[in-house]
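Every chain is numbered from 1 and lettered A, B, ... according to where its sequence line falls, protein lines coming before strand lines.
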Amino acid sequence: MGIRWQKPIFKALAIGLFVFIVVGPLSSVVLWSVAIKWYWPHVLPQEIGLAYWKQALGLQRDWAIAAVSIWDAFKNSMIVSIVATVITMALAIPAAYALAKLRLPLKAVFLLLFLMPKVFPQQPIFVNLLPVFTRWGLAGTLPGVMLIHILVCLLFGTWISTSAFKAIPESLEEAARSVGATRWQAFWRILMPLAAPGLLVSTVFVFVTSLTEFTGTFFLGLPFVTTLPMLLYSASGYNMQFASVLALVLLVPSLLFMVLTERIFRPEHLGSLGR
Amino acid sequence: MPQVKLFDVTKRYGKVTAVDRLSLIIEDQEMVTFLGPSGCGKTTTLRCIAGFVVPDAGHIFIGDQDVTNIPPERRDIGFVFQNFALWPHMTVYQNLAFGLRLRKLPKREIKERVHDALALVRMTGLEDRFPRQLSGGQQQRVALARALVLRPRVLLLDEPLSNLDAKLREEMRFEIRELQRQLQITAVYVTHDQAEALVLSDRIVVLNHGRIEQIGTPQEIYQRPASQFVASFIGLCSFMEAHVVESSAERVLMRTEDGLVIETMSKGLSLGQAVTLALRPEFIDVSWTKPENSQNVFQAQLVRFAYLGENLDCWLKVGKWDVRVHLPASRVQKLDQQLWVRLNPEKIIVIPTEGVLL
């Protein structure tokens, strides 16, 4: 009898917590992005307007408001993230297949090599990479930043993709071989469709990781390559309004990507995930 | 349809030898069962024939072709898996058509052959279902159809019924046997279920520790097991250790160490030879009063029984030996009851302890 009314209450509490954690900070960010004047002790902004948005989107140029056009940084971010995601997944998927399905003699070594950049603090690694990148002419260039993003993302991409392949029973591949499919055909026709949901999750994760990557870009990209997180960083210290605008802009590609991939999910893919 | 031949096939996993110099010829259109406990090498051997496992040594032939190093997709086999292994993202039709499409057959022929294969396993009309919409029995029927639709040279089945419930399992045994006969296909069937092996096989290969313990028809395996292992693995069996004390043209007498003298019919045994006597329950006559004819009659005591419905599964003490028999439930009164058993001399299985064939 007790459980009947406890369940909805628990559910309401859970939803409340979710709203508080996700929507709470977000609403404050939205408020900040339109606040022209907002001083203590006022609970809400005294004056609101779209001046910072207009400035950020390059629709106006007003020296009284400390904000710059974000289009260049946005363009950089998109190019870097898309290219880095494509290359990362192109490397991660075969690597994941090999790790999940093949008997590799040096599997442990390979995995360790993958983990290496993550077990050390990031900053010293990037600082030490700087002279190397400079020698190769990659420091402060888009390809250089892409390379750094790929290095950072490859671990996550491979990790999640590996579990996507591992979740597929061996016998499904063997069944394909027994009816005449080569290893290659079995990979494309059986394993890839079945791993697709997991690979998609992996792709989203890699994309978002690249989009918000900070440390590597900071050391190896600035001042010549500016991405959205760089702008956000430099704005966050002194300019809450501009930082809020940037934060919201950064959300857009992630949300778009989520919506897009959700449409690609087919029920039978999800069905195979839940198996 | 061709023979399948294995010559000295060996497969090791680390220090464990899963298959140990196994040689065997499976005849055309024959249904052979690999039977044995888990870890006996039966599945590994089957997977060697399929090509999923490459043996460390030895050769495998399908027909005249040495397939030892040929990948599975070029062996022209059909394989049925224990977990069905239907592709969950494809419908029944797509599952069956997959192999045919790889062979680039015309659409019409694919449709016909899928239809025929589904009719064969009585699954017509379920073409558009996804595997998850089917019951276990239906899934295994589709898996069977998928293996047969390509008309393979050899059908390999890896414990295909062990994921099904008991009743369905019994039905499917007959269906599989029927299909194999109808299609006249060479088939190898792996199981740890002796009843399945007895029903399904032309010949049974009993495996233990990666080696063949015995090859024979179900009757041969049951009536004349070559070793204690085979006798205990197939059917219920009780054992007594003894040695030969008289071996003449008329009779052969065995004596157990606790002094029971037992007459048997086995020939060619030398005096003093140590043997194991294997006793099937159905060849032991039990009476509640002392029989007139006292040949091979011993006193026994009922020490334990289990209710099986019509019959009781009874443990008797004969001398120091445990002997299992099945008795009608109505006739057993209480534990420690005194009984007499008569061991039919013609039916006692005598296994020389060195493991030499009779």
Interatomic distance, CG@A:L194 vs NE2@B:H89, rounded to 0.5 Å, equals 4.5 Å
I need the A:S178 OG to B:F52 CZ distance, nearest 0.5 Å. 5.0 Å
Which of B:G78, B:A50, B:A85 touches chain A most, by non-hydrogen pairs under 4.5 Å: B:A85
Is there side-chain contact between A:R177 and B:P71, with at least one heavy-atom pair below 4.5 Å?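 A:R177 vs B:P71: side chains touch.
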Does A:S171 reach the side chain of B:D158, with side-chain heavy atoms less than 4.5 Å apart?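 The answer is no; the side chains never approach within 4.5 Å.
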Could you please spell out the steps behind the salt bridge (charged side-chain N to carboxylate O under 4.0 Å, His left out) verdict for B:R47 and A:E174? CA-CA 10 Å; B:R47 292 169 63 81; A:E174 287 173 351; 2.5 Å; yes
Quick check on [X] against chain A: is it the side chain, the backbone, both or neither that has a heavy atom closer than 4.5 Å?
{"X": "B:R75", "value": "neither"}
{"X": "B:L102", "value": "side chain"}
{"X": "B:F79", "value": "both"}

Heavy-atom count check: over 12 atoms from other residues, nucleotides or ligands less than 6.0 Å from [X] [atom1]?
{"X": "A:K101", "atom1": "NZ", "answer": "yes"}
{"X": "A:F18", "atom1": "CZ", "answer": "no"}
{"X": "A:F214", "atom1": "CZ", "answer": "yes"}

Would a distance-only check, ignoring hydrogens and angles, find a side-chain to backbone donor-acceptor pair under 3.5 Å from B:W87 to A:I190? no
Can you tell which part of A:A176 gets under 4.5 Å to a heavy atom of chain B, answering side chain, backbone, both or neither?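 Backbone plus side chain of A:A176, per the 4.5 Å heavy-atom cut-off to chain B.
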Measure distances from A:R189 to the heavy atoms of chain B and classify the residue's part below 4.5 Å as side chain, backbone, both or neither.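 Answer is both: backbone and side chain atoms of A:R189 are under 4.5 Å from chain B.
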Minimal non-hydrogen separation, B:R146 against A:A175, with atom names: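 Taking B:R146 first and A:A175 second, the nearest heavy atoms are NH2-CB, 3.3 Å.
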